[in-house]
Amino acid sequence: MSYHEGPQMTRYTPAEIEAKWQDAWDKAGVFEAKRSADKPKYYVLEMFPYPSGRIHMGHVRNYTMGDVIARHKIATGHNVLHPMGWDAFGMPAENAAMAIGGHPKEWTYSNIADMRSQMKPLGLSIDWSREFATCDPEYYGQQQALFLDMLEAGLVYRKNAVVNWDPVDMTVLANEQVENGRGWRSGALVERRELTQWFFKISDYAEDLLEALDTLDNWPAKVRLMQENWIGKSRGLQFSFERTDDGAPITVYTTRPDTLMGASFVGISPDHPIAKAMEAESDEVAAFLAECRKGGTTEEAVETAEKLGMDTGIRVKHPLNPDWELPVWIANFILMDYGTGAIFACPAHDQRDLDFCRKYDLPVIDTFMALDAPKPVEAEAFVPPKTEKVRWINHFAGLDVATGEEAINATIDKAEAEGWGEGVTKFRLRDWGLSRQRYWGCPIPVVHCDTCGVVPEKKENLPVRLPDDVSFDRPGNPLDRHPTWRSCTCPKCGGAALRETDTMDTFVDSSWYFARFTAPRAETPTVAEDAAYWMNVDQYIGGIEHAILHLLYSRFFARAMNITGHLPKSASEPFDALFTQGMVTHEIYQTRDANDRPVYHLPEDVEDGKVKATGETVEIIPSAKMSKSKKNVVDPVSIIDAFGADTARWFVLSDSPPERDVEWTASGAEAAHKHLTRVWTLCDKIAAMDPDAKGEGDQDLLREMHKTIRDVTLGLESFGFNASIAKLYAFTNILSKSKAGAAAQKEAIKVLAQLMAPMTPHLAEDIWALQGGEGLIIHAPFPVADEAMLVEATVTLPIQINGKRRGEIEVAKDLPKEEVEKLALAHEAVVRALDGAAPKKMIVVPGRIVNVVV
RNA sequence: GCCCAAGUGGCGGAAUGGUAGACGCAGGGGAUUCAAAAUCCCCCGCCUUCGGGCGUGAGAGUUCGAAUCUCUCCUUGGGCACCA
């Protein structure tokens with residue numbers, strides 16, 4: 001450290017300075033959000049975590065991004081709300097109780113305490129006074145009040161729906177508890193079984209939720225597209241097939257009515273009323289339906305299951321030709337939830353129908369063929385885009401060459417004119433089933449009374465609290481078998497009644513927490529003035545895995561909360577801007593045991609490709625999402641202990657664009673730390689300069705400084721944190737080599753600290769203090785680039801020949817096109833390429849490029 | 001099976017129609033040091049007959065010009081309604 005003159009250099013000791021500044025922020029209460037009219041408000045929110053007990057690098061990345069935004073907004077004069085809470089209900093707590101004993105409540109609250117203490121050293125700009133957990137009775141009691149208001153508003157109802165049923169454990173299983181069609185604990189083959197369950201009428205809002213996607217300009221296009229596809233608006237034809245017996249007609253819905261002449265059979269869902277009626281009378285049908293009900297409830301399980309069918313013996317008449325009879329089959333791939341639960345199959349133009357027809361030897365009839373290479377369908381269905389023109393065979397509306405779209409419209413028009421069918425709009429979106437047959441969730445606040453039926457609990461009796469004395473030694477819902485909890489009095493007649501034992505889906509908890517943060521201690525779900533002031537969330541940040549369900553449910557809830565008076569109309573779209581960040585990944589280190597089974601090793605136990613303890617060589621598997629089972633995890637706490645929070649923060653932002661995955665590498669973390677040490681040392685060096693010392697290149701340094709301000713700011717405003725950091729690296733290089741005078745260097749290092757402050761707030765505060773900055777850096781106005789310093793007199797124009805770069809010329813910024821052409825033609829590379837001939841064409845894009853076509 | 005993304009040097013990535021590889025890691029060379037660590041400086045896509053040629057998962061297309069736009073395919077990741 002003796003390579004330059006000056007006082008004894010200090011060491012960069014993050015442990016000391018980080019604690020010091022966190023303490024200073026706390027004392028000054030800088031992150032406490034208060035309503036005030038003097039500044040614009042800014043609400044930044046990261047998706048709140050599930051309290052698993054340990055924070056992981058994904059959390060560090062997520063919360064650091066939010067923190068960068070929050071700190072930048074504070075520095076640009078905003079009144080910032082940046083809260084934190086816990087998505088605390090859910091299955092893992094019950095699983096832990098089953099596996100290791102204890103109570104979900106104790107497990108959860110102890111995890112929250114652990115995670116909070118791991119999170120605090122990161123120095124996040126969080127208003128901890130607003131913290132809550134969704135399992136706090138103060139929170140879920142308000143959620144129950146919301147539920148009652150929604151019930152009253154007609155947004156909640158009960159109906160039957162299928163669940164995964166474990167016939168051995170006699171319990172409902174979550175999708176993730178079904179492994180290869182078997183229950184995770186019992187190993188029994190899972191069945192689909194119907195239960196009466198509670199639903200939110202999200203389908204009432206299908207059209208609105210779809211249309212409003214267009215207003216979400218600051219959401220990723222891919223998220224909007226995913227939601228659009230999920231809502232799945234379609235226009236099709238609904239009509240009925242008359243039966244040849246005297247049974248009621250079978251109503252079908254199809255999005256491809258134009259293929260009606262290619263109909264092969266009519267298919268009904270195993271859950272269709274006709275199938276169910278037959279089940280009671282026929283052992284054969286009952287056995288077939290039992291077969292269809294094997295397997296889980298997921299769409300994936302249903303769609304990838306082997307296609308099964310059974311001829312019901314029922315025959316129907318083709319609507320266009322009463323002499324044409326079609327068989328009615330029960331088919332396991334038809335969903336009762338979509339359309340009418342019945343279809344007609346056109347195997348020539350639908351692969352699924354074709355597979356089915358080939359298997360069961362049903363006819364395949366072409367209805368149209370390609371214009372260029374017409375050939376009958378064999379093993380592959382012919383499914384061109386609906387916008388492609390095709391040649392129709394025997395089209396009943398007289399079409400010859402037309403697109404699918406045109407044919408669909410013609411068919412619907414014809415059906416409506418002739419009165420045998422109508423064009424209808426349907427949505428793929430189903431109502432939201434919120435019932436869960438589990439303990440650790442928000443109790444649904446209704447009672448079942450023998451005389452009054454289903455009765456809402458009175459609001460003054462909320463919260464309906466979960467009982468603490470429960471056990472998890474048996475499968476099933478402990479609320480069901482609790483000796484006394486269910487007993488209550490009917491709010492309506494005062495007679496003896498039983499409580500509902502279903503609890504709410506945890507997605508309900510996370511569908512309004514953002515609104516609760518605006519008034520977290522209120523005796524009502526929200527407070528009008530606070531909601532009006534803080535909503536909407538200006539920037540929401542979270543994982544892409546929540547692109548559909550969580551975000552769609554939250555959008556629905558915001559609407560429901562508006563009509564029940566808990567949110568203003570303007571908050572119907574609660575998230576003004578959304579950013580979906582990528583995961584943190586790491587290589588996987590694997591060896592094999594005596595039985596050739598894989599054994600995984602923590603990164604900290606591996607050195608130079610060998611297991612430290614045994615010297616075994618590890619196999620390196622490419623980076624994947626950090627997971628405990630693969631042991632490719634790096635504990636943020638140990639990184640903070642080794643390098644400090646600023647290093648961890650700097651690294652998770654530096655190496656990859658925020659929306660992409662970032663690979664954690666030990667060398668990358670060390671490099672980040674090395675860089676921060678370098679900035680620290682540079683600060684010391686500048687502080688030690690004679691304040692009056694003159695130098696050379698002051699203007700150049702300041703010019704670069706202003707360019708850096710411009711570029712870093714742009715990065716901060718557009719989630720280009722990695723780009724901002726690259727510019728900060730570059731400017732640090734320039735500053736450390738600069739021979740400028742003391743005043744310019746001091747200005748430069750202070751601005752550098754300010755630009756770094758959102759990412760490395762502790763280091764920045766320390767530099768600011770050492771360089772005599774006024775107050776806390778977090779309160780100092782963010783630097784603004786001076787436009788005058790950004791203007792360049794000349795510009796370097798690349799010269800291309802046939803689009804390939806072959807040279808460059810330096811020209812005045814506003815040199816006329818003709819002059820540029822002359823200079824380009826005089827360039828030696830151009831002269832050589834032309835070899836005396838005239839150029840075919842010249843493209844001059846002022847200030848950008850010259851392209852000579854020869 | 002269906003829906004949505006992503007693919008660029010040895011590695012992470014930059015450039016969103018205009019100089020491909022900014023910035024960082026790894027690597028190589030040098031300075032400093034008794035030596036090392038640390039630090040500092042320089043080099044660093046591939047091939048080359050030193051003219052240049054090739055190069056952004058593969059193949060085609062649009063354009064004066066394509067990593068960027070279009071189509072087909074391959075691979076990887078996310079979601080599929082009871083994981084959160």
Side-chain angles (χ1 to χ4, degrees), chain A residues 1-3 47 49-50 52 87 89-92 161 163-164 172-178 197 220-223 225-230 232 296-305 333 337 351-352 428-438 505-507 509-510 543-550 552-553 580 582-583 585 622-625 651 654-657 659-663 665 667-668 670-672 674-675 677-678 681 720 722-723 725-730 733 736-737 796-800 802-808 832 840-843 845 847-853:
Chain A
M1 292 280 187
S2 55
Y3 58 88
M47 291 179 185
Y50 179 80
S52 60
D87 191 10
F89 275 135
M91 291 202 310
V163 292
N164 299 305
V172 176
L173 298 178
N175 286 333
E176 73 158 11
Q177 296 173 321
V178 178
Q197 310 215 61
K222 67 172 166 180
V223 173
L225 186 56
M226 284 160 86
Q227 293 214 353
E228 183 183 326
N229 289 334
W230 186 262
T297 57
T298 65
E299 193 172 304
E300 185 188 3
V302 173
E303 295 230 3
T304 53
F333 61 87
D337 290 316
Q351 191 61 44
R352 210 165 40 176
R428 183 179 166 277
L429 180 67
R430 309 200 294 256
D431 277 335
W432 171 11
L434 71 124
S435 288
R436 295 293 181 270
Q437 293 72 40
R438 268 178 258 292
D505 178 8
T506 56
F507 272 123
D509 312 337
S510 55
I544 185 70
E545 66 273 20
H546 294 294
I548 297 174
L549 293 179
H550 162 60
L552 193 63
Y553 290 158
T580 54
M583 297 178 299
T585 67
S623 258
K625 180 178 179 171
F651 178 68
S654 67
D655 251 24
S656 292
E659 67 275 17
R660 294 246 290 267
D661 293 350
V662 65
E663 181 177 16
T665 59
S667 59
E670 277 159 28
K674 217 158 81 176
H675 179 72
T677 306
R678 204 165 150 235
T681 310
N722 57 324
I725 285 181
K727 298 292 179 188
L728 288 166
Y729 268 110
N733 288 339
S736 67
K737 283 174 196 164
T796 305
L797 285 186
I799 296 184
Q800 292 182 334
N802 293 339
K804 288 269 178 194
R805 183 184 172 279
R806 286 293 178 264
E808 60 185 37
R832 194 165 52 225
K840 274 191 193 152
K841 194 169 178 181
M842 273 192 90
I843 290 105
V845 184
R848 298 237 57 145
I849 205 153
V850 181
N851 190 12
V852 184
V853 185

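Because the structure is predicted, anything quoted here is derived from the model rather than measured.
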For this session: For G51(B), measure the glycosidic angle (O4'-C1'-N9-C4 for a purine, O4'-C1'-N1-C2 for a pyrimidine) and name it syn if it falls within 90° of 0, otherwise anti.
Result: syn
For this session: Name all residues meeting the ring pair (Phe, Tyr, Trp, His ring centres under 6.0 Å) criterion together with Y50(A); count only those two or more places apart in sequence or in a different chain, and write none if there are none.
Result: none
Seminar exercise, completed: By salt bridge (charged side-chain N to carboxylate O under 4.0 Å, His left out), R428(A) pairs with (sequence neighbours left out) E299(A)
For this session: Provide the distance between the two P atoms, one in U49(B) and one in A58(B), to the nearest whole Å.
Result: 26 Å
Exercise. G30(B) and C44(B): how far apart are their C1' atoms, nearest whole angstrom?
Worked result: 15 Å
Seminar exercise, completed: Writing each nucleotide of RNA chain B 5' to 3' as (, ), [, ], | or . by Watson-Crick or G-U pairing under 3.5 Å yields (((((((..(((.....[....))).(((((.......))))).(((....)))..(((((..]....))))))))))))....
Exercise. For atom C1', what is the distance between A36(B) and C46(B), given to the nearest Å?
Worked result: 37 Å
For this session: Return no unless some side-chain N or O of N722(A) is found under 4.0 Å from OP1 or OP2 of C23(B).
Result: no
Exercise. Where each residue is assigned the nucleotide of RNA chain B containing its nearest heavy atom, which of V845(A) and R806(A) is assigned the position nearer the 5′ end?
Worked result: V845(A)
Problem set entry | Whole-Å distance separating the NE2 atom of H675(A) from the P atom of U39(B) | 13 Å
For this session: For nucleotides 78-84 of chain B, just jot down a letter per nucleotide in 5' to 3' order: B, S or -, based on protein non-hydrogen atoms under 4.0 Å.
Result: BSBBBSB
Exercise. K674(A) or S656(A): which one's nearest nucleotide on RNA chain B is closer to the 5' end?
Worked result: S656(A)
Exercise. Can you name the residues that form a ring pair (Phe, Tyr, Trp, His ring centres under 6.0 Å) with W432(A), not counting sequence neighbours?
Worked result: F200(A), Y553(A), F557(A)
Exercise. Base, sugar-phosphate, or nothing: which does T304(A) touch, judged by heavy atoms less than 4.0 Å apart?
Worked result: base
Exercise. Roughly how many Å is it from NZ in K222(A) to P in A6(B), rounded to a whole number?
Worked result: 7 Å
Exercise. Can you tell me how far P of A20(B) sits from CD of E808(A), to the nearest Å?
Worked result: 11 Å
Exercise. Mind checking the P distance from A15(B) to A20(B)? Whole angstroms is fine.
Worked result: 16 Å
Problem set entry | Listed partners of E303(A) passing salt bridge (charged side-chain N to carboxylate O under 4.0 Å, His left out), at least two apart | R352(A)
For this session: Round to a whole Å and report the spacing from CZ of F333(A) to C1' of C2(B).
Result: 14 Å
Problem set entry | Rounded interatomic separation in angstrom, taking NZ from K727(A) and C1' from G24(B) | 14 Å
For this session: Write down the distance separating the C1' atoms in C83(B) and G28(B), rounded off to the nearest Å.
Result: 49 Å
For this session: For T506(A), enumerate each residue passing the side-chain hydrogen bond (donor to acceptor under 3.5 Å, both in side chains) test, keeping only those at least two apart in sequence or located in another chain.
Result: none
Problem set entry | Interatomic distance where CD belongs to E659(A) and P belongs to G7(B) [whole Å] | 10 Å
Exercise. Syn or anti: how is G9(B) classified when any glycosidic angle within 90° of 0 counts as syn?
Worked result: syn
Exercise. Considering residues at least two apart in sequence or located in another chain, which fulfil the salt bridge (charged side-chain N to carboxylate O under 4.0 Å, His left out) criterion with D509(A)?
Worked result: none
Exercise. Which nucleotide in the set G13(B), C23(B), G18(B) lies at the smallest distance from any side-chain heavy atom of A730(A)?
Worked result: C23(B)
For this session: Provide the distance between the two P atoms, one in C2(B) and one in U72(B), to the nearest whole Å.
Result: 14 Å
Exercise. Using a cut-off of 4.0 Å on non-hydrogen atoms, how would the nucleic acid contact of K840(A) be classed: base, sugar-phosphate, or nothing?
Worked result: nothing
Exercise. Taking the same atom, C1', in U39(B) and in A5(B), what whole-Å distance lies between them?
Worked result: 43 Å
Exercise. Mind checking the C1' distance from A38(B) to U32(B)? Whole angstroms is fine.
Worked result: 11 Å
Exercise. Could you run down nucleotides 64-73 of chain B 5' to 3' and tag each one B, S or - for protein heavy-atom contact under 4.0 Å?
Worked result: BS--------
Problem set entry | side-chain hydrogen bond (donor to acceptor under 3.5 Å, both in side chains) against N164(A), all qualifying residues, sequence neighbours excluded | N175(A), T297(A)
For this session: Determine, for nucleotides 41-49 of chain B in 5'-to-3' order, which nucleotides have protein heavy atoms under 4.0 Å from the base (write B), from only the sugar-phosphate (write S), or from neither (write -).
Result: SS-------
Problem set entry | Partner residues of H675(A) under the ring pair (Phe, Tyr, Trp, His ring centres under 6.0 Å) criterion, sequence neighbours left out | W650(A), Y729(A)
For this session: Have a look at A671(A) and say if it touches a base, only the backbone sugar-phosphate, or nothing, with a 4.0 Å heavy-atom cut-off.
Result: sugar-phosphate
